[in-house]
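Below is one structure; the comments refer to it alone.
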Amino acid sequence: MLQNLAKYDVVLASGSPRRRELLAALGIKFRVEVREGIEEMSPVGMPVMQIAEHLSRVKAHAYNPTDNQLIITADTVVIEGGEVLGKPADAAEARRMLRRLGGKVHSVITGVTVKTADRTQSFSAQTQVEFDDLTDEEIDYYVEKYNPLDKAGAYGIQEWIGYIGVRSIEGSFYNVMGLPIQRLYSLLKIF
């Protein structure tokens, strides 16, 4: 599938192991290249629903693809109560985030940008996630046994906390993992 990509050196510009796993599952030959030092800032006053897509474009802007390169960038944010929850700085912040998400519905938005030498297209996908109430013991267990520090909102839906905590989702499960793979596949078909 996606024979049209054979002409490209496809580059996933992300260090996320989950994004690598999802893109590999499409059967696309790609390599990973991550640029350090990209300032991931959104303009003051930008609506929170636009931040993930904006940040994916900021990341894509750091790359100047050659004629045969196709760059894929992405950014995922968790939004609860109108506030963006990024990656926690430490275990204590991870615990606070998980306590905040417990018993509530939050949004997960992933922005994706695909860039070649002559074309750039972006989109975002949104998923609503409802968490059950989480006990302090459950939160402590997750934070101690898993690595919530590299995940927006301090959790991975595909991990233990997702198994026991996610009551329902509306939208793409893979979006919550960090890459709305069906939407990306549809976009890649036209490149």
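Just so it is clear, the values below take in all heavy atoms, side chains as well, and ignore hydrogens, waters and symmetry mates.
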Worksheet item: Honestly curious: do L85 and M41 fall in one hydrophobic cluster under the side-chain, below-4.5 Å linking rule?
Response: no

Discussion item. Can you confirm whether H61 sits close enough to I38 that some side-chain heavy atom of one is under 4.5 Å from a side-chain heavy atom of the other?
Written reply: no

Worksheet item: What is the distance from atom CG of L134 to atom CD1 of I164, rounded to the nearest 0.5 Å?
Response: 5.5 Å

Worksheet item: So T76 and R19, side chain to side chain donor-acceptor pair (under 3.5 Å) or not? Walk me through it.
Response: CA-CA 11 Å; T76 301; R19 290 189 183 120; 3.0 Å; yes

Practice prompt. Tell me, please, which residues at least two apart from H54 pass ring-ring contact (aromatic ring centres under 6.0 Å, His included).
Written response: none

Side-chain donor-acceptor contacts of residues 177-191 below 3.5 Å, not counting sequence neighbours, with atom names and distances?
{"unit_1": "Q182", "atom_1": "NE2", "unit_2": "S186", "atom_2": "OG", "d": "3.1"}
{"unit_1": "R183", "atom_1": "NH1", "unit_2": "S124", "atom_2": "O", "d": "3.2"}
{"unit_1": "S186", "atom_1": "OG", "unit_2": "Q182", "atom_2": "O", "d": "3.3"}

Practice prompt. Before giving the answer on side-chain contact (heavy atoms from CB on, under 4.5 Å), spell out for V166 and V129 the whole-Å C-alpha distance, their side-chain angles and the decisive distance to 0.1 Å.
Written response: CA-CA 7 Å; V166 174; V129 180; 4.1 Å; yes

Item to complete: Let me see the working for D90 and E93 under side-chain contact (heavy atoms from CB on, under 4.5 Å), right down to the final yes or no.
Response: CA-CA 5 Å; D90 55 32; E93 187 176 16; 3.5 Å; yes

Discussion item. Counting only heavy atoms not in K145 (residues, nucleotides, ligands), do more than 12 fall under 6.0 Å from its NZ?
Written reply: no

Fill in: T113 side chain to R57 side chain, donor-acceptor N/O pair below 3.5 angstrom
no

Practice prompt. Hey, could you give me each pair passing salt bridge (charged side-chain N to carboxylate O under 4.0 Å, His left out) that has a residue in residues 161-178? Not counting sequence neighbours.
Written response: E130-R167, D132-R167

Worksheet item: Mind checking what makes side chain to side chain contact (heavy atoms under 4.5 Å, CB included) contact with A91, not counting sequence neighbours?
Response: R95, V143

Item to complete: Evaluate side-chain contact (heavy atoms from CB on, under 4.5 Å) for L5 paired with I28, printing each intermediate quantity in order.
Response: CA-CA 8 Å; L5 297 184; I28 297 171; 3.9 Å; yes

Item to complete: Please report the C-alpha distance between D150 and K87 in whole Å, then the side-chain angles of each, then the deciding distance to 0.1 Å, and finally whether the salt bridge (Lys or Arg N to Asp or Glu O under 4.0 Å) criterion is met.
Response: CA-CA 6 Å; D150 72 336; K87 295 175 183 174; over 6 Å; no

Worksheet item: Under 4.5 Å between any side-chain heavy atoms of Y142 and E159, yes or no?
Response: yes

Worksheet, complete the sentence: Joining Ile, Leu, Val, Met, Phe, Trp and Tyr whenever any side-chain heavy atoms lie under 4.5 Å apart, the cluster holding L55 also takes in M46, V48, M49, I51, V77, I79, V84, I109

Discussion item. Just to verify, what does N175 make a side-chain hydrogen bond (donor to acceptor under 3.5 Å, both in side chains) with, not counting sequence neighbours?
Written reply: T110, T127

Worksheet entry | T73 side chain near V112 side chain, heavy-atom distance below 4.5 Å | no

Practice prompt. Report yes or no: does K115 contribute a side-chain atom to a donor-acceptor pair with the main-chain N or O of Y63 at less than 3.5 Å?
Written response: yes

Response to the item:
With sequence neighbours left out, the residues meeting side-chain hydrogen bond (donor to acceptor under 3.5 Å, both in side chains) with E83 are R100

Item to complete: State the CD-CD1 distance between E144 and I139, to the nearest 0.5 angstrom.
Response: 11.5 Å

Practice prompt. Write down the atom of A74, the atom of S56, and the distance for their closest heavy-atom approach.
Written response: CA-CB, 4.0 Å

Fill in: Atom OH of Y8 with >12 non-hydrogen neighbours under 6.0 angstrom
yes

Discussion item. Test of understanding: with salt bridge (Lys or Arg N to Asp or Glu O under 4.0 Å), list the residues that count as partners of E138, not counting sequence neighbours.
Written reply: none

Discussion item. The criterion is side-chain hydrogen bond (donor to acceptor under 3.5 Å, both in side chains); which residues satisfy it with S172, sequence neighbours excluded?
Written reply: none

Worksheet item: Checking side-chain contact (heavy atoms from CB on, under 4.5 Å) for the pair Y146/K151: CA distance, chi angles, key distance, verdict?
Response: CA-CA 11 Å; Y146 294 85; K151 297 168 183 75; 5.8 Å; no

Worksheet item: Residues in ring-ring contact (aromatic ring centres under 6.0 Å, His included) with F131, at least two apart?
Response: H106, Y155

Discussion item. Going by salt bridge (charged side-chain N to carboxylate O under 4.0 Å, His left out), name the pairs with one or both residues in residues 24-37, residues two or more places apart or in two chains.
Written reply: D9-R31, R31-E33, E33-R35

Worksheet item: Any side-chain heavy atom of N68 within less than 4.5 Å of one from K7?
Response: no

Fill in: Backbone of T66 reached by a side-chain donor or acceptor of Q69 within 3.5 Å
yes

Practice prompt. Decide side chain to side chain donor-acceptor pair (under 3.5 Å) for Q158 and Y163; before the verdict, give the C-alpha distance in whole Å, the side-chain angles of both, and the deciding distance to 0.1 Å.
Written response: CA-CA 7 Å; Q158 74 284 0; Y163 305 154; over 6 Å; no

Worksheet item: Is any side-chain heavy atom of F30 closer than 4.5 Å to a side-chain heavy atom of V11?
Response: no

Discussion item. Tell me whether the count of non-hydrogen atoms from other residues, nucleotides or ligands lying under 6.0 Å of CG in N147 goes above 12.
Written reply: yes

Worksheet item: If Ile, Leu, Val, Met, Phe, Trp and Tyr residues are connected whenever their side-chain heavy atoms lie under 4.5 Å apart, and connections chain through other members, are F123 and L2 in the same group?
Response: yes

Discussion item. Taking the side chain as everything from C-beta on, heavy atoms only, tell me whether V114 gets closer than 4.5 Å to L70.
Written reply: yes

Item to complete: Could you pull out all residues at least two apart from Q121 that satisfy side-chain hydrogen bond (donor to acceptor under 3.5 Å, both in side chains)?
Response: R119

